[in-house]
Amino acid sequence: MKITFYGQNSLHIEVSGKHLIVDPFISGNPLSKDIIDIKSLKADYILLTHAHQDHVLDAEAIAKNTGAVIISNYEIAMHYQNLGIKVHPMNHGGSWQFDFGSVKYVNAIHTSSFADGSDGGYPGGFVIESEHKNIYIAGDTALTMDMKLIPMRTKLDLAILPIGDNFTMGVDDAIIASDFVACDKILGVHYDTFGYIKIDHDLAKKKFYDAGKDLMLIEIGQSIDL
Ligand code: NI
Ligand code: MN
């Protein structure tokens, strides 16, 4: 499994020969727009955690460009189906076996309106099990006790957690979240994009290190192999 960071909560995941894009917000992200060309992206599936603009901005363009299937909650799936895009609707607690592995849509504490104010259902995260590697993409969320449910079913190899604070967990809560999901290897996301979520990278890494955990903060366009 190869995971590439596109900024904010945007990721590209190569797994079992398939290409997954998570929460594409690239053309409107000043940190990503000159590094990542959305027209060149490969995608078989696009996973959307919730409907906020900093997660879905480029979903329609990439889906129409690639023919990718959008996987999200029911309300978001219907929004894109009405635009002529192939979708796979899910809801909280449900899993589905795709051709690259299984996906479970799990709880997040946040909101989920589209930019025009229309209903984006309730926000979530994803647990993906594939190629003997399991990852948790928290999406935008507060620290929540529901995270403790995840390791009851899944032994995670990587937790992708928001750490930028203000709109989501900050570093200190994300350290507790990594305890709750029983995973000490963390890819930090959802930081630095706007003034509200700028963080001190060295301090964040030190806090995780002091808690016995490994926080990875990778450059936009860089990848990690699991
Ligand atoms: Ni959000
Ligand atoms: Mn967000």
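Atoms within a ligand are numbered from 1 in the order they appear, just like the ligands themselves. Computation of the quantities below employed the complete heavy-atom set of this structure, encompassing side-chain atoms and omitting hydrogens, waters and symmetry-equivalent molecules.
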Exercise. In His52, which N, O or S atom comes closest to the Ni ion (ligand 1)?
Worked result: ND1
Exercise. Counting only N and O atoms by type, is there a donor-acceptor contact under 3.5 Å from the side chain of Asp58 to the main-chain atoms of Ser27?
Worked result: yes
Seminar exercise, completed: min-distance N/O/S atom, Asp54 vs the Mn ion (ligand 2), resolves to OD2
For this session: Would you mind naming the N, O or S atom of Asp140 nearest to the Ni ion (ligand 1)?
Result: OD2
Exercise. What orientation do His92 and Tyr105 show, parallel under 30°, tilted 30 to 60°, or perpendicular over 60°?
Worked result: tilted
For this session: Consider only side-chain N and O atoms of Asp99 and Tyr45, and report whether a donor and an acceptor are under 3.5 Å apart.
Result: yes
Exercise. Short check: any N/O/S atom of His110 below 2.8 Å from the Mn ion (ligand 2)?
Worked result: no
For this session: Please name the atom of His55, restricted to N, O or S, that is closest to the Mn ion (ligand 2).
Result: NE2
Problem set entry | His50 atom (N/O/S) at minimal separation from the Ni ion (ligand 1) | NE2
Problem set entry | Salt bridge flag under 4.0 Å for residues Glu60 and Lys64 | yes
Exercise. Would you call Lys206-Asp210 a salt bridge at under 4.0 Å N-O?
Worked result: yes
For this session: For the Mn ion (ligand 2), find the closest N/O/S atom on Asp140 and give its atom name.
Result: OD2
For this session: Inspect the contact between Lys205 and Asp214 and indicate whether a charged nitrogen and a carboxylate oxygen are less than 4.0 angstrom apart.
Result: no
